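Single-structure report; data block below.
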Amino acid sequence: MTRPLLYGSANLMRTLHLLMPSNIVSVQFQLTVLRSTDQLHFSTITSISKAHRRCCGAVRASKLHLPRSCCTDSVIVAKDGKYGNKQVISITPQLYDYMLANIREPEILRELREETASMRGSQMQVSPDQAQLLAMLVQILGAQRCIEVGVYTGYSSLAIALVLPESGRLVACERDAKSLEIAKSYDFAFVDAEKRMYHEYFELLLQLVRVGGVIVVDNVLWHGKVADPLVNDPKTLSIREFNKNIMEDSRVSISMVPIGDGMTICCKR
């Protein structure tokens with residue numbers, strides 16, 4: 001039976017090789033170098049065995065030993081009274097600790113997260129609650145073909161790959177946007193790459209994703225900077241403009257979710 005294929009970066013290859021237990025996972029690596037104008041792109045093909053799926057199926061809530069913070073006001077109301085004084089939850093440090101303690105995170109993902117936490121740029125990795133949402137969206141869609149732009153060490157890639165069916169495929173692209181040209185008709189796409197390129201990434205993925213398929217874009221709240229008119233650095237401006245454009249884009253249905261650093265879920269019409 002065809003195994004799910006996971007394509008990723010050299011970092012992902014090294015990390016998976018280090019972390020995956022040999023007794024439950026069969027891993028085959030094929031390193032391919034694709035030349036672009038001024039850089040190299042590394043791809044990894046990884047097979048995940050049925051035994052690994054069974055092992056990861058018995059997941060438990062993560063026990064994250066994070067600093068405890070004093071509880072602050074966790075309910076906010078929009079200043080504009082036209083919204084009916086609707087009360088919504090504000091994620092305080094204490095409440096976020098509680099959320100993290102109630103997330104189902106497979107052991108292999110926990111190990112990868114902890115390994116990545118000691119690396120430079122570890123803040124680029126998606127959080128466990130984001131990874132859980134991505135995996136659920138893939139399962140709801142019944143996705144067979146997924147594509148991810150921006151891999152880092154592969155936490156989100158692995159979270160998606162673990163819930164794909166045996167015949168599923170994930171193409172995870174790192175740095176070389178030309179690799180997108182070889183794909184078509186994807187069910188699900190995730191973007192977490194260069195912020196100033198979000199518009200370009202989205203337009204490419206919109207061509208690749210089928211009608212009814214989903215594109216999830218990360219960091220759309222950008223540490224709250226998008227709502228601060230005094231912040232106008234290039235990345236903030238780019239994300240702010242992307243958010244404005246996507247809201248007016250009739251080609252997709254959208255939902256901005258305040259999870260992690262903010263995610264916008266787009267369904268192609």
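Quick note: residue numbers are just sequence positions, from 1. Remember, predicted model here, so these are calculated numbers, not experimental data. Below, all heavy atoms of this structure are taken into account, side chains as well, without hydrogens, waters or symmetry copies.
Atom CZ in Phe188 sits 8.0 Å away from atom CD1 in Ile265 (nearest 0.5 Å).
The closest donor-acceptor contact from the side chain of Gln132 to the backbone of Arg104 lies under 3.5 Å. No donor-acceptor distance shorter than 3.5 angstrom exists from the side chain of Tyr186 to the backbone of Ala143, with no hydrogens or angles considered. In this structure a side-chain-to-backbone donor-acceptor pair under 3.5 Å is present from Arg269 to Ser250. When atom types are taken as modelled, the side chain of Asp187 and the backbone of Arg210 share no donor-acceptor pair closer than 3.5 angstrom. In this structure, Arg169 contributes its side chain and Arg145 its backbone to no donor-acceptor pair below 3.5 Å. Remark: side-chain polar atoms of Lys195 are not paired, donor with acceptor, to backbone N or O of Ile239 under 3.5 angstrom. Between the Arg240 side chain and the Lys225 main chain, a donor and an acceptor come within less than 3.5 Å of each other.
Gln144 and Ser167 share a side-chain donor-acceptor pair at under 3.5 Å. In the model, Glu148 has a side-chain atom that pairs as donor or acceptor with a side-chain atom of Ser156 under 3.5 Å.
Hydrophobic clustering, with ILVMFWY side chains joined whenever heavy atoms are under 4.5 angstrom apart, keeps Met136 apart from Ile147. Cluster annotation: Tyr83 is not connected to Ile89 through the hydrophobic network of ILVMFWY side chains, with a link wherever side-chain heavy atoms come within less than 4.5 Å. Hydrophobic clustering of Ile, Leu, Val, Met, Phe, Trp and Tyr side chains at less than 4.5 Å, counting indirect connections, unites Phe242 with Met197.
Every pair tested for ring-ring contact (aromatic ring centres under 6.0 Å, His included) that includes a residue from residues 117-149 fails, sequence neighbours excluded, so the list is empty.
Using a 4.0 Å cut-off between a side-chain N of Lys or Arg and a carboxylate O of Asp or Glu, Asp80 and Lys82 do not qualify as a salt bridge.
Applying side-chain hydrogen bond (donor to acceptor under 3.5 Å, both in side chains) to Trp222 and the options Asp228, Asp261, Thr236 leaves one that passes, Thr236. Applying side-chain contact (heavy atoms from CB on, under 4.5 Å) to Tyr152 and the options Thr116, Val126, Asp192 leaves one that passes, Thr116.
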